[in-house]
Amino acid sequence: MAIVQLKDICKQFDGGEANAVDHFDLTTRDGEFVVLVGPSGCGKTTTMRMIAGLEEISKGELWIGDRNVDGIPAKDRDIAMVFQSYALYPHMSVRENMAFSLKLKKRPKAEITKAVNDAAEILGIQNLLDRKPKALSGGQRQRVALGRAIVRQPQVFLMDEPLSNLDAKMRVEMRAEIVKLHRKLGVTTFYVTHDQVEAMTMGQRIVVMRDGYIQQIDAPNALYERPVNMFVAGFIGTPSMNFLKARVDDASQRLIGEGFSIAMEKAHETALANHLGREVWAGVRPEHLDLVTDANAGTTDNQLTGTVEVIEPLGAVTIVQVRVGEHIVTAELDSHTSLAMGDPAALTCDSHKLHLFDAASEKTLLETSDSGKRTTGDAKTTTA
Amino acid sequence: MNRMSWPAKLGMNILAWLIAVLMFFPIFWLLLTSFKTNALAASRTPAFFFSPTIAGYVNAIVDNAYVHYLINSCISAIGSTLICMALAIPAAYSMVFRRSKYTDSTLLWMLSTKMLPPVGVLIPIYIVYKDLHLLDSVWGLVLIFAAMNLPIVVWLLYTYFKDIPEAIIEAADIDGASLLTKLVRILVPLTLPGLLSTGLLAVVLAWNEAFWAINLTNVHGATLAVFVSGFKSARGQYWASMSAASVLSVLPILIAGWFTQRQLVRGLTFGAVK
């Protein structure tokens, strides 16, 4: 177990113009589960490969525990990695796969056998030990790959999209299993994924990346409740947050746009003090929208009105897309809604849960958590 | 394929047999001649039925020291192949897993050396060999055969190694494997069919090599190629003896090929189906 420190790390590939990873700065807690998430090409895998020692660091320092590991080869970093493709040795049995690293370290036979058996027991693969990887299912291979990582009792686990080759059901199962495993072993873990659901469910802290820059580092709930910019706001949560271009109306103290009018809260007034009469982005999550019905019509303010374009019943809820002015607004409604396509619809939102972003920089105008403020790459966050 | 009408099928069959007979006939004739007497072999009317004799074989083995040449052929073919593999495995490894911007051009350059006519470098090599006292030495042939086969072997191994996912090598890196461990315990076992068929190909190429063998060796280091060509004498061609010698020089490699054909086919199609 160890604290991992990434100090202002940059990575530039040969011939590449921009940095693949730009000024990455992060200190983990001991035994923390950190998820790196972002769209493909955002630098998350490159960052992990630099921690592993498979990729050189162009600039910055990397500390694992009390060692600066810059220049130390992968095999001496005391880390274990789980690959997306599992990367099991096809010609070795499961037992040999798991024992390989210990054998290379010339550990006594009895110790190796015990370590392999213990790991196999934790993962429930005792009965597979004499099989070759070819004879295993995807989920079993994944377990073996995890087993190979844990027999070594490394200081840090690195997992590079380990679940993306599994089917949906298996993925949910293994997700829980990895979280349990982490709780049991308490080893500092870096986990790379492009799936925000995986990130939210597994990470103690999540690093959201885009174009090589860290957008926000925060706990899952903080990311959801206090995103620092429109990218994070749109990336975290499904369905994605709705963004509406709104004018801050000084006289009525409301946010007004075509088809909607939302009252400003106290908190908004200070945030919008410098934006009076100007345009901002208002963000509303689909789950914070509700249908205006005869029953609540009198009591609701903050209405968004338009016509229903798409209805997607999911069983538990129904996702409805409503055209409000020039915007398509997605709302997560009660599954018993009687709306039909083409119907006029009025939605109401909880203005306490409204997000506000600067129209130009797309950064939040609301208070953020302390850790959330540590964002870099201003230039990059201005473009959507 | 089954939609062909029967006359077409018959025609295809006859054509296939004709081609097969046409290709096999010289070998058949060689085998037949090897059991004739020299007089019968030289006769103008081809003889298919005759009382066979092994005089040609006796002549080749006893009078012309066949075994001496056989041993030299074995040493030069196997020795050169071992050297070739020892050099090509690390070379191909670095080309696949330690790529640089020069890798592609290096590969192409290596292959392009095969386009050079060997006779173009015969004189310089001859002089170098003379100074190094490698003329008429089987070890001289080992070296030249290894050099001759190296480009093609590197190229083949390169294609085999390319099929190995890089993540497996990286996993070995993280597991603590040294370069040698990665080669010996990961890469070689994973590409063994390919390595074996490549090795076999190198052995065959070295075994059949005649140009360098004839020009650089005479007696001591001479291989079966020199042995066979020795039957072409100033006193005329001894067809029967020469045929027997040819059969004897082809036979070992034919037998080796027969025993390894499964391996060979597996190696050549290795990686084609994942």
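Just so it is clear, the values below take in all heavy atoms, side chains as well, and ignore hydrogens, waters and symmetry mates. Protein chains get the first letters and strands the later ones, always in sequence-line order, with residue 1 at the start of each.
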Taking side chain as everything from C-beta outward and backbone as N, CA, C, O, which of these in [X] sits under 4.5 Å from a heavy atom of chain B? Side chain, backbone, both or neither.
{"X": "A:Lys103", "result": "side chain"}
{"X": "A:Ala149", "result": "neither"}
{"X": "A:Leu88", "result": "backbone"}
{"X": "A:Arg49", "result": "side chain"}
{"X": "A:Ile79", "result": "both"}

Is it true that, when you exclude [X] itself, more than 12 heavy atoms of the residues, nucleotides or ligands shown sit nearer than 6.0 Å to its [atom1]?
{"X": "A:Glu61", "atom1": "CD", "answer": "yes"}
{"X": "B:Arg99", "atom1": "CZ", "answer": "yes"}
{"X": "A:Asn127", "atom1": "CG", "answer": "yes"}

Would you check if the distance from the ring center of B:Phe161 to the ring center of B:Phe97 is below 6.0 Å?
no
Centroid separation under 6.0 Å, is that true for the rings of A:Phe190 and A:Phe157?
no
